[in-house]
Protein chains: 2
Amino acid sequence: MFQQLGVIGCGLMGGSFALAMKKAGLVKRVVGYSKSPSTTKQAKKLGVIDVAAESALLAVSGSDIVLIAVPVSATESTLKAIRHLVNPGVLFMDVGSTKCDVIEAARRALGERAASFVPCHPIAGKESGGVQHADATLYEGRQVILTPQPFTNPQLVQLATDVWSALGTTVLKMRPHNHDAAFAAVSHLPHLLAFAYFQAIAEQPAARDYLSLAGPGFRDFTRIAAGEPSVWRDILLANKHEVLAQSKRFRTMLDQLEALIETGDAAALEAALRPIAEGRAAWNLPSLPAVPPGRPAAK
Amino acid sequence: MFQQLGVIGCGLMGGSFALAMKKAGLVKRVVGYSKSPSTTKQAKKLGVIDVAAESALLAVSGSDIVLIAVPVSATESTLKAIRHLVNPGVLFMDVGSTKCDVIEAARRALGERAASFVPCHPIAGKESGGVQHADATLYEGRQVILTPQPFTNPQLVQLATDVWSALGTTVLKMRPHNHDAAFAAVSHLPHLLAFAYFQAIAEQPAARDYLSLAGPGFRDFTRIAAGEPSVWRDILLANKHEVLAQSKRFRTMLDQLEALIETGDAAALEAALRPIAEGRAAWNLPSLPAVPPGRPAAK
């Protein structure tokens, strides 16, 4: 049981964490701060936080657990603003979708105090951001990746693991580079491709007609092209080397399929498509049993 | 009210049409033929067809309406097999996803008799094909594109319009070239990209780990990569010029976004992503009011 949770960034991710912690009975009081005063005010009004702080530092003051849920590009400035209160024994976590850059930011901003910072990436979200969509069950049954460093306080890594497990998530540990490579492959590149594809259609003279004929396949393929631009700007830039490397692999495969189409080799094209279709049909969203909050999650 | 519907190809599309026609009370009797005798047998067993024919020609014999629901590459050989019974006054339709190639096939196979053939593309389907998934409501509330030619019998075009309308669809007429260009953009290219993307991930050494971390965005983005390989082989080859032209546009847009990522221009990248995200958020699947079968569809 924590005495006080400090949330910096009371949006979907931070607000949902606050609600989940309260629902699980893991915290007495939540103090929140957002860059936009109207967000902090709304979070208070919605009961997501108990106390609205006027600065990030004031949200940290008196907290024994702190969640930083800001766009990844704001991580460094946020940590700099609170560094004087980043003390041993207080658990600091983030929710960023990229980890190498966040760890570098923590090192630069905190120096030795970075030992109290446990880098986290909960694999959860919604199309619609903002505190008004905060949801106590957002993290239930999902995965959370921790990317601790050799200098990270192991007791705080264990504490972070226990907290996320108690919220009904499955906790995995990865090296930051492996994390960023994996998410470039399965998340960041698809977003880039969906953005590029939607715009390539939308800027054509006949776009209006085309879009009126699009069906469920188009709807699902482009759903992620509605992602929040500031969030995806940050992710694509923070993880650019991995994203561009994955894009190169994708282009090579596209070249190969297009070559088969170009030459009209029906048998070879079908032979290329069949294992893909079978592979995708065999894949399922990793579904994790929802665990009642307050109990340890199944491994 | 038709006396007899002949269905050539008793799979998902053909079987669903048969069920829908019966449900709407538009036909007395359905005679079906599939290349695979086991499919024809199963269609009979499931009540999708009333009589199993032993050849395409026998399915046409005595029919006053005929649906050809075979892979587009089999259209020409199918029409050749039945050409002696392609008589004026009998409505012949297909359900192919490409239209220029189907029309060429009809001209070659039927000559002047092609007047009785009304090229159709109902925008409907399911991930799972086969007669066992045939569904009387598959077409309800969906769009059907007709691409009649100057030589097509206008009375049969009207009859085809009435039939599809009575099944609860909205009927649109387009030129075949415009149809193929539009569907290359909103359907065929996304399939090609999803195939290429899924395989580019699946063939990496760490694929198993990556796929275990993939989330709902990945699931939706790659859903269409499970499409039936023989169907997509045919579509991608039949419409290759349009598909490759659309792919080129896509690559140009991907180049532009990657250049912004490469140079790290955060403001320009966000400025590029914002209208895309807003455009996609504003787009909705054209939803057509479901019309009770038997009544004309709303325009």
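In what follows, chains carry the letters A, B, and so on, assigned in the order in which the sequence lines appear, proteins first and then strands, with residues in each chain numbered from 1.
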*Count the heavy-atom pairs under 4.5 Å between each of B:Ala194, B:Ala207, B:Ala124, B:Pro216 and chain A, then report the option with the highest count.*
B:Pro216
*About how many Å separate CZ of A:Phe195 and CD1 of B:Ile276, when rounded to the nearest 0.5 Å?*
6.5 Å
[X] versus chain A, heavy atoms under 4.5 Å apart: side chain, backbone, both or neither?
{"X": "B:Leu260", "value": "backbone"}
{"X": "B:Leu236", "value": "both"}
{"X": "B:Ala185", "value": "both"}

*When heavy-atom pairs shorter than 4.5 Å are enumerated against chain B, which of A:Ala200, A:Ala182, A:Ala196 gives the highest number?*
A:Ala196
*Select, from A:Ala206, A:Ala266, A:Ala202, the one with the greatest count of heavy-atom pairs under 4.5 Å involving chain B.*
A:Ala266
Heavy-atom proximity to chain B below 4.5 Å, by part of [X]:
{"X": "A:Ala181", "answer": "both"}
{"X": "A:Ile145", "answer": "side chain"}
{"X": "A:Leu244", "answer": "side chain"}
{"X": "A:Ile201", "answer": "side chain"}

*Does the side chain of B:Leu192 come within less than 4.5 Å of A:Leu257's, by heavy atoms?*
yes
Short donor-acceptor separations (under 3.5 Å), chain A to chain B:
from: A:Gln143; atom 1: NE2; to: B:Ser212; atom 2: O; distance (Å): 3.2
from: A:Ala185; atom 1: O; to: B:Tyr197; atom 2: OH; distance (Å): 2.4
from: A:Tyr197; atom 1: OH; to: B:Ala185; atom 2: O; distance (Å): 2.5
from: A:Gln204; atom 1: OE1; to: B:Gln246; atom 2: NE2; distance (Å): 3.0
from: A:Gln204; atom 1: NE2; to: B:Gln246; atom 2: OE1; distance (Å): 2.7
from: A:Leu211; atom 1: O; to: B:Trp283; atom 2: NE1; distance (Å): 3.0
from: A:Ser212; atom 1: O; to: B:Gln143; atom 2: NE2; distance (Å): 3.2
from: A:Pro216; atom 1: O; to: B:Arg223; atom 2: NH2; distance (Å): 3.3
from: A:Arg219; atom 1: O; to: B:Arg280; atom 2: NH2; distance (Å): 2.9
from: A:Asp220; atom 1: OD2; to: B:Arg223; atom 2: NE; distance (Å): 2.7
from: A:Asp220; atom 1: OD2; to: B:Arg223; atom 2: NH2; distance (Å): 3.1
from: A:Thr222; atom 1: O; to: B:Arg280; atom 2: NE; distance (Å): 3.2
from: A:Thr222; atom 1: OG1; to: B:Arg280; atom 2: NE; distance (Å): 2.6
from: A:Arg223; atom 1: NE; to: B:Asp220; atom 2: OD2; distance (Å): 2.7
from: A:Arg223; atom 1: NH2; to: B:Pro216; atom 2: O; distance (Å): 3.3
from: A:Arg223; atom 1: NH2; to: B:Asp220; atom 2: OD2; distance (Å): 3.0
from: A:Arg233; atom 1: NH1; to: B:Glu270; atom 2: OE1; distance (Å): 2.4
from: A:Lys240; atom 1: NZ; to: B:Glu262; atom 2: O; distance (Å): 2.7
from: A:Gln246; atom 1: OE1; to: B:Gln204; atom 2: NE2; distance (Å): 2.7
from: A:Gln246; atom 1: NE2; to: B:Gln204; atom 2: OE1; distance (Å): 3.0
from: A:Ser247; atom 1: OG; to: B:Glu258; atom 2: OE2; distance (Å): 2.3
from: A:Arg251; atom 1: NH1; to: B:Asp255; atom 2: OD1; distance (Å): 3.0
from: A:Arg251; atom 1: NH2; to: B:Asp255; atom 2: OD1; distance (Å): 2.7
from: A:Arg251; atom 1: NH2; to: B:Glu258; atom 2: OE1; distance (Å): 3.3
from: A:Asp255; atom 1: OD1; to: B:Arg251; atom 2: NH1; distance (Å): 3.0
from: A:Asp255; atom 1: OD1; to: B:Arg251; atom 2: NH2; distance (Å): 2.8
from: A:Glu258; atom 1: OE1; to: B:Arg251; atom 2: NH2; distance (Å): 3.3
from: A:Glu258; atom 1: OE2; to: B:Ser247; atom 2: OG; distance (Å): 2.3
from: A:Glu262; atom 1: O; to: B:Lys240; atom 2: NZ; distance (Å): 2.7
from: A:Glu270; atom 1: OE1; to: B:Arg233; atom 2: NH1; distance (Å): 2.4
from: A:Arg280; atom 1: NE; to: B:Thr222; atom 2: O; distance (Å): 3.2
from: A:Arg280; atom 1: NE; to: B:Thr222; atom 2: OG1; distance (Å): 2.6
from: A:Arg280; atom 1: NH2; to: B:Arg219; atom 2: O; distance (Å): 2.9
from: A:Trp283; atom 1: NE1; to: B:Leu211; atom 2: O; distance (Å): 3.0

*Closest contact, heavy atoms only, A:Ala281 versus B:Ala226*: N-CB, 4.1 Å
